[in-house]
Asker: 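Below: one structure in structure tokens.
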Amino acid sequence: MQSAAATMGSHSVEMAQAAVPGPAVQAAPVLEINDLHVHFKTHAGTVRAVEGVTYAVRPGEIVAIVGESGSGKSVSALTVMRLLPPATSRVVKGTIKFQGRNLLELDDEEMRKIRGRDVAMIFQEPMTSLNPVLSIGLQLMEPLFIHINMSDAEAKARAIELLTLVGITDPANRLAQYPHQLSGGMRQRVMIAIGLACNPKLLIADEPTTALDVTIQAQILELMKDLSRRLGIAVIVITHNLGIVARYADRINVMYAARMVESGPAEAVFGTPTHPYARGLLGAVPRLDRPRTSKLQTIDGAPPNLLNPPQGCRFRPRCRFAIDACSVAPERVEIAPDHTVACHRSAEIATLDTAASQLVSQAKTTLAPTTAQPMVDIRGVSKHFAVGGGLFTAKKIVRAVNDISLSVRAGETLGIVGESGCGKSTLGRVILRLDDPTAGEIFFDGTDLAHLGRDEMVDVRKKMQVIFQDPYSSLNPRMTVGQIISEPMRVHDITPKAECPARVAELLTLVGLFPYMALRYPHELSGGQRQRVGIARALAVNPRVIVCDEAVSALDVSIQGQVINLLEDLQEKLGLTYIFIAHDLAVVRHISTRVAVMYLGRVVELAQADELFSNPKHPYTRALLEAAPVPDPVVEKARPRAIIRGELPSPLRPPSGCVFHPRCSIAQASCKTDVPKLEERVSGHFAACPHT
Amino acid sequence: MILFLVRRILLLIPTLIGVAVVTFFLIRVIPGDPVVVKLRADGAAVTEETIQAERKRLGLDKPLYAQFGDFVVGLAHGDLGNSLWTGQPVLKEIAIRFPVSLQVAIMATIIAILISVPLGILSAVYRDTWIDYVVRIIAVSGLAIPSFWLGMLMILALLSWKNWLPPIGYVSIFQDPVANLQATIMPAISVGYRYAAIATRMMRSALLEVLREDYIRTAKAKGLFQKLVVRRHALRNALLPVVTVIGLEFAFLIGGLVVTEQVFNLNGIGKLFVDATTRGDFNLIQGLVLMIAVIFILVNLVVDLLYGLLDPRIRVS
């Protein structure tokens, strides 16, 4: 545990290490949750959202609660704050002891005095968690006025101190600003500052970085760890992403379907994960620190419905190692000091799993670059948007896509990766001609799309399809799955009407669903199933190219792996070409043949996937890779850590010269004036930086 | 800020030109000759010559484009012409009726705000309790009961219990405040109730929406008092749609109180509008429509300014 922060790079943390020697294992826990049960009343019945959760948090310790959506991780945290909706939720059993007091027995006024004073909470969405009509200063000073009775001048001084603490520049002037004037990363820093205002003993962070880009995520997590160590605050981090907690958490609690299935020190849970679900979660994410495998080991099926959960072990229906004994719910038992697991077969699972997984894990061989004619060839494509502009003001131009040339060969997957606002989705839309390019040519199979008329585009549309990010909003809720899938066939007159149902059934089977689901509506399906319907719809017209725009980012980890495997299978079976747009580096590396890295509308690096990730040339690619988390504390602690500075500049005012120079660690004077060209370094490896 | 105001007021001009053109031609499409209506109103036997002469006197014998030319030239000089019926300038006819309509509209708006904002807040904060149910019944009744009927009930009630009738005729509030309020308070209440009902429902649903927002959860997590969470964090955000409804309703009230004015015997814009229409008084109708268009535009401008005050995101730089 002592070593947890030993390799932290930041100077301030090293100083703090001397003062607070890591999380105090001996110290009495700040928070002890014991056998907590929370139920929700719904029209359909009682949802048992949390069942028998027990854990403790000590001062200066970071405890991660990991689980998929609906596993009860957020509910258990909101119960600590007593912020669950009182009308529908009920704590059925259990105690939550905070500094010895049972929070569940306090009256509303006593609880209010604890909220924001002793226990603070940071929420997932920095964009919506701050009040848009109140100034940053007021929102930051409110807890100081309420809990500590500070005067205006004292509160203002403290607010400036807090903003400085969380790394916000020019804090005095920020106080008068409003949330919409700050970026997402800055808002999350403000949220943290609000949380820290009254020096709380416990900070609960519910998915604090999920909505942020990977480089900003690293900055925020580093900040939280630093503050926790320095100020001795106990921190609970709730997340679905195992990767981000490997570096920062001291202790991991894994939740599945309302229960805790595994708990232990980070090294133990990541080093020797034991519950089949925990093992599955770790196996289901592609990893940057390991060679690519041909298939992700996924967990079959989906988490159970908590209205009617399975008897015994909740994971039994999805577990490869389930036996008869599993029909009785297992207790959590200690398998190593301080490492507990709720599985009847915890002693034998490691051997069983290794034997089973050796069958599937083979190193993935990247296809040799084919010399085939490019399927999609983009030459000098730009897309500019005019923003604002009225009677009296000049229009501003956003160069969302700026002079990009790329080619995609038949049968390959071209990954396009970058942070939000880099133009990757716009590029996808331009390739599909959902947006018209401002300049440049797009050749699809030899024809230039940029100059085709509407009617001619219809023919091309058959051959190019798209899968969108959000499986909840990209399917029409008033159409059945069968109608959704057969619509493109009818529009393009591909399949005779009489044969549509048979074709729909065939497509549903192809994407791993069942033909009877054709009669269902989207809301009756889970997120993963909907995304499969989206894939089936794209396949309905026998396309040759599919643009996947963040196609797996909204899915839970175990489901994400299934969909990635499906996409790969389909590519092999049907000879599809993919343009795979995503922000998750590990996923992009896993699925892509070649990868293009975008920054502020430009491609800064392009290479074979393995080459790009093992030998990145552009400083931005390097920074992205360093910021991307790896779900292994040992690897994480050995990695160099040079967190990228600053934030993505506004595309309205892009920096001169190399757009990356303000954030670049090796920037030189010439970078401010010269726009670097994308040049071939090694065969097939292009980078737009002359200084590496 | 001043630039914004100037720009918005300049935008009035094209809008008004559009309104003027559309009303000018639309009224003339409607069948009915104002001169015939005026002279033969009581079934009097009037010769064709007299009618032609009157038509000539009023300039209605000219071709349509010439009439339109006269109208536009007059408009540019701020002259809306004379009423075809009374011969008085249109502006004067409107000016006589405008104060009473404006006063009733303002009073009804004040009443509506005083009722709707607190009731809407109570209803949302105590959602699904008896308080909410009572408020919702009050609001639904306000929508269901016609204002003029409520007005008649009020008059009857006062007559039978207190043997009191509101004074007939309008006196300016600056001359005789008591007589003025006696004449206007009851129409203001009867209209204001319906108006409050609409605004209450809007207040309730907007506040319920806002109370589900993430930043309300943040405010609670800070340990703020419930009162402060509602007053400081929720109310301002929830007021935006309420301000819109109140603004539109206010503009509507100025010209739209036809029946209520009748019930309370008020000589207001609504009554003038009905009279002008039945008499086919082209010039007066044009003047009234233009006036109401100006009021709608000005009210919208005020609403937009209030938006900026409430929400920094729409504040003009």
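Labels below follow one simple rule: chain letters A, B, ... track the order of the sequence lines, proteins then strands, and each chain is numbered from 1.
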Asker: Please check: side-chain N/O of A/Arg112 versus main-chain N/O of B/Gly223, any donor-acceptor pairing under 3.5 Å?
Answerer: yes

Asker: Can you tell me which of A/Glu142, A/Gln181, A/Met191 forms the most heavy-atom pairs within a distance under 4.5 Å of chain B?
Answerer: A/Glu142

Asker: Quick one: closest heavy-atom pair of A/Pro132 and B/Pro312, and the distance?
Answerer: O-CG, 3.3 Å

Asker: Count the heavy atoms of every other residue, nucleotide or ligand shown that sit under 6.0 Å from OH of B/Tyr126, and state whether that count exceeds 12.
Answerer: no

Asker: If you define the side chain from C-beta out and look only at heavy atoms, does anything of A/Asp108 sit under 4.5 Å from B/Gln226?
Answerer: no

Asker: Does B/Arg313 make a cation-pi contact with A/Tyr178, if we ask for NZ or CZ under 6.0 Å from the ring centre and within 45° of the axis?
Answerer: no

Asker: How about CZ on B/Arg28, more than 12 heavy atoms from neighbouring residues, nucleotides or ligands closer than 6.0 Å, or not?
Answerer: yes

Asker: Pick from A/Lys113, A/Glu125, A/Gln139: which one has the most heavy-atom pairs with chain B under 4.5 Å?
Answerer: A/Gln139

Asker: For a quick test of reading the model, state the closest non-hydrogen atom pair linking B/Arg217 to A/Leu83 and the distance between them.
Answerer: O-CD1, 4.2 Å

Asker: With only heavy atoms counted, which part of B/Ile216 is less than 4.5 Å from chain A, the side chain, the backbone, both or neither?
Answerer: neither

Asker: Any heavy-atom pair between the side chains of B/Lys222 and A/Ile146 that's under 4.5 Å?
Answerer: no

Asker: Evaluate the side-chain proximity of B/Lys220 to A/Met81: yes if any heavy-atom separation is below 4.5 Å, no if none is.
Answerer: no

Asker: B/Thr218 side chain to A/Ser129 main-chain N or O, any donor-acceptor pair under 3.5 Å?
Answerer: yes

Asker: Tell me whether B/Arg201 at atom CZ has more than 12 heavy atoms from other residues, nucleotides or ligands lying less than 6.0 Å away.
Answerer: no

Asker: Please identify, among A/Arg117, A/His147, A/Arg82, A/Met121, the residue contributing the most non-hydrogen atom pairs under 4.5 Å to chain B.
Answerer: A/His147

Asker: Between B/Arg127 and chain A, which part of the residue has a heavy atom less than 4.5 Å away: side chain, backbone, both or neither?
Answerer: neither

Asker: Check B/Tyr215 against A/Leu130 and note the closest heavy-atom contact, atom names and distance.
Answerer: CB-C, 3.5 Å

Asker: Where on A/Met111 is there a heavy atom nearer than 4.5 Å to chain B: the side chain, the backbone, both, or neither?
Answerer: neither

Asker: Evaluate side chain to side chain contact (heavy atoms under 4.5 Å, CB included) for B/Arg232 paired with A/Asn131, printing each intermediate quantity in order.
Answerer: CA-CA 10 Å; B/Arg232 188 185 283 160; A/Asn131 194 328; over 6 Å; no

Asker: What part of A/Glu109 is in contact with chain B, defined as an atom under 4.5 angstrom from a non-hydrogen atom: side chain, backbone, both or neither?
Answerer: side chain

